[in-house]
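As a basis for the values below, the full set of heavy atoms in this structure was taken, side chains included, without hydrogen atoms, waters or symmetry mates. Chain letters run A, B, ... following the sequence lines, proteins first and then strands; every chain starts at 1.
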Number of protein chains: 2
Amino acid sequence: MSSVVAINQRARSAEQKALRRRAVLETAETYFLEVGYEAFSMSKLAKNIGLAKGTLYLYFQTREELFLTLYEQSLIRWSQVFIDDLSDAMTSKAYSQKLFSTASADGTFLPLLIRLEHMIEHNVAIPRLVSSKQVFINQVEALAEVTSNSLSLSKAQAIEVVKTMGVLLIGATQGDQGPSLDHEELPEDVQDLIASFSSEPLFIKNAVRIIEGIRTEALSNI
Amino acid sequence: MSSVVAINQRARSAEQKALRRRAVLETAETYFLEVGYEAFSMSKLAKNIGLAKGTLYLYFQTREELFLTLYEQSLIRWSQVFIDDLSDAMTSKAYSQKLFSTASADGTFLPLLIRLEHMIEHNVAIPRLVSSKQVFINQVEALAEVTSNSLSLSKAQAIEVVKTMGVLLIGATQGDQGPSLDHEELPEDVQDLIASFSSEPLFIKNAVRIIEGIRTEALSNI
DNA sequence: CTATATAACTGACCACCGGTCATTACAATC
DNA sequence: GATTGTAATGACCGGTGGTCAGTTATATAG
């Protein structure tokens, strides 16, 4: 009768299976936040949960499908946070700052976004991939709605802004994914280089340039 | 006396070893272009060359160090091609088009650039990594020199442009790295989505916005 | 021309990975 | 209590990147 499935019990009803799937995802995300993408192993995840490795494959076809699901969750979660943070009549700079800070605050979203196309989407069955793209379309739609309002742009311009921000976010945060070089003795020129690729200003400066670009294009096209 | 080292001969002098190293890199690049990053295996590379796997590790400490070297080569090769293609007084659009087309034409450069920070740079010894960053600094320098001339920008602005183009290139070409969905029956909305992320127009439109943004910022700061 | 020292080269070996599937064990139904 | 469907298991598979004791080609000294 209880809707909780203890790890040593079997999930029989559809409801219990959905519950167990969610429990797997929860543990997976915690584990992912600890060790990152490359060190994440299915056997260790199984041990973390207290299930056998084979059981994981009853709930996800591949390691990548699990990551795709985590990505979807984090996308939805982040866009909700971002949308709630937006207000009317923002400057492009304030908008970009909110976008960057909310995205960075979610430890799962950016690392998975960056790996989406060249790692995760390979080794996922096509129908699952299609459904994931549709989730993406819905989120772009929702984000464009509020963006249009916050930046006083047409709907088409807002869609353009949202898509472009995604592209820029991937590029600008690339440097954050490199190995940590803190406390290493680096030559000054290399230190300067790293500093000049600091992701936050890199993103915000160019986000503003792009948003203003989109704005002025509309003016000259009347 | 011959400077060629047959695969069944041993490379003894420093010169011969350098030659063998280059031969390994050459075969590795051909093999990489065939199978891509994920399917690239050191044992298969060894078989392709006709050496034992262990021998590869005499020339490269890790698989990733080999990739880092291929990346460096491709960066230098591409920037030479791009620089040679630039002319005086180009429009920002013509500049961006040249940048995109030359970078896309090199089958090695973009796939490795995209994986640089979150895959390749991990598992490479720090000193090697530092030297690679210095190669990067030199290329940025060389690119900024001609960019300054082609776009009639100050040196500082040109450096800003070059660095930002790299960021944008990574973001904009992300979609090209997904699994091939040609000949699949996709819902129309997903087809539209994919079309709207076509990398070339995505890159060029935003490259122009950014270059023009950098230009106008200078005007308003006098 | 031969003996010796050097180090380039080898490949069996290691610990691990993602993924499979015959077998087991349990909960619901009869 | 017996039957049955299926969730769960974990030994197993073919592969990976990387190691290192041992082999052997070769430059050089005698």
Novice: How many whole angstroms separate atom CD of A/E65 from atom P of C/dG18?
Specialist: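 Going from CD in A/E65 over to P in C/dG18 covers 15 Å.
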
Novice: How many Å lie between OH on B/Y59 and C1' on D/dG17, as a whole number?
Specialist: 20 Å

Novice: For A/Q134, I'd like to know if atom CD has over 12 heavy atoms of other residues, nucleotides or ligands within 6.0 Å.
Specialist: yes

Novice: What nucleic acid atoms does A/F60 come within less than 4.0 Å of, heavy atoms only: base, sugar-phosphate, or nothing?
Specialist: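 Contact class for A/F60: none.
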
Novice: For the residue pair B/R63 and B/Y37, would you count it as a cation-pi contact if the rule is NZ or CZ under 6.0 angstrom from the ring centre and within 45 degrees of the ring axis?
Specialist: yes

Novice: Near DNA chain C, which residues from residues 122-129 of chain A have a heavy atom under 4.0 Å away?
Specialist: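 DNA chain C contact set from residues 122-129 of chain A: A/N123.
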
Novice: Strictly below 4.0 Å, heavy-atom distances to any atom of DNA chain C: list the hits from residues 29-42 of chain A, or just say none.
Specialist: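 Contacting residues: A/F40, A/S41, A/M42.
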
Novice: Output a table of donor-acceptor pairs, distance under 3.5 Å, between side-chain atoms of residues 115-123 of chain B and any protein atom two or more places apart or on a different chain; print 'none' if there are none.
Specialist:
from, atom 1, to, atom 2, distance (Å)
B/R115, NH1, B/P111, O, 3.1
B/R115, NH2, B/E38, OE1, 3.1
B/H118, ND1, A/Q174, OE1, 3.4
B/H118, NE2, A/H118, NE2, 3.1
B/E121, OE2, B/K133, NZ, 2.9
B/H122, NE2, A/Q177, O, 2.8
B/H122, NE2, B/E117, O, 3.3
B/N123, ND2, B/E64, OE1, 2.7

Novice: Please report whether the ring centroid of B/F82 lies less than 6.0 Å from that of B/Y95.
Specialist: yes

Novice: To the nearest Å, how far apart are A/E15 CD and C/dA28 C1'?
Specialist: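 Rounded to whole Å, this separation is 16 Å.
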
Novice: Main chain of A/Q97, side chain of A/S101: is a donor-acceptor contact present, judged purely on distance under 3.5 Å?
Specialist: yes

Novice: Tell me: CG of A/L45 to P of C/dG19, nearest whole Å?
Specialist: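 After rounding, the gap between these two atoms is 12 Å.
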
Novice: For A/L58 and D/dG10, give me the distance from atom CG to atom P, rounded to whole Å.
Specialist: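 Value for this atom pair: 13 Å.
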
Novice: Would you list the atom pairs, donor with acceptor, under 3.5 Å between side chains in residues 190-202 of chain A and any protein atom, with sequence neighbours excluded?
Specialist:
from, atom 1, to, atom 2, distance (Å)
A/Q191, NE2, A/L186, O, 3.1
A/S196, OG, A/L193, O, 2.8
A/S196, OG, B/K163, NZ, 2.6
A/S199, OG, A/D176, OD1, 3.3
A/S199, OG, A/D176, OD2, 2.7

Novice: Please state how far atom CG in B/L56 lies from atom C1' in D/dC20, giving the value in whole angstrom units.
Specialist: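 B/L56 atom CG is separated from D/dC20 atom C1' by 16 Å.
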
Novice: Closest-nucleotide mapping onto DNA chain C: is A/K44 or A/T55 further toward the 5' terminus? I mean the 5' end.
Specialist: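 On the 5' side of the pair lies A/K44.
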
Novice: Under the side chain to side chain contact (heavy atoms under 4.5 Å, CB included) rule, what do A/Q73 and A/E29 come out as? Steps first, then yes or no, please.
Specialist: CA-CA 10 Å; A/Q73 282 190 358; A/E29 185 155 17; 4.0 Å; yes

Novice: The criterion is ring pair (Phe, Tyr, Trp, His ring centres under 6.0 Å); which residues satisfy it with A/F40, sequence neighbours excluded?
Specialist: A/Y31, A/F67

Novice: Where the side chain of A/R63 is concerned, which of C/dG19, D/dA7, D/dG10 is the nearest nucleotide?
Specialist: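 Of all the options, the side chain of A/R63 is nearest to C/dG19.
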
Novice: So which protein nitrogen or oxygen atoms get under 3.5 Å of nucleotides 22-26 of chain D's nitrogens or oxygens?
Specialist:
from, atom 1, to, atom 2, distance (Å)
D/dT24, O2, B/R10, NH1, 3.1
D/dA25, O4', B/R10, NE, 3.4
D/dT26, O4', B/R12, NH1, 3.3

Novice: State, with a plain yes or no, whether a side-chain heavy atom of B/I210 is found less than 4.5 Å away from one of B/V161.
Specialist: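 SC-SC contact between B/I210 and B/V161 ruled out.
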
Novice: Please report, rounded to the nearest Å, how far the C1' atom of D/dG15 is from the NZ atom of B/K47.
Specialist: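 Distance, rounded to whole Å: 11 Å.
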
Novice: Return yes if some donor-acceptor pair links the side-chain N/O of B/T55 with the main-chain N/O of B/L51 below 3.5 Å, else return no.
Specialist: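 It does not hold such a pair.
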
Novice: When you get a sec, tell me which of C/dC9, D/dG10, C/dG18 is the closest nucleotide to the side chain of A/Y57?
Specialist: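 Closest of the options to the side chain of A/Y57: C/dG18.
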
Novice: I want to verify a distance call: between C/dG18, D/dA7, D/dG17, whose nearest atom is closest to the A/K53 side chain?
Specialist: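 Shortest atom-to-atom distance from the side chain points to C/dG18.
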
Novice: Measure from NZ on B/K17 to P on D/dA27 and round the result to the nearest Å.
Specialist: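 That distance rounds to 13 Å.
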
Novice: What distance separates B/L70 CG from B/E72 CD, expressed to the nearest 0.5 Å?
Specialist: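 One gets 10.0 Å once the value is rounded to the nearest 0.5 Å.
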
Novice: Between the side chain of A/S132 and the main-chain N/O of A/R128, is any donor-acceptor distance below 3.5 Å?
Specialist: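 Pair absent, no side-chain N/O of A/S132 close to backbone of A/R128.
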
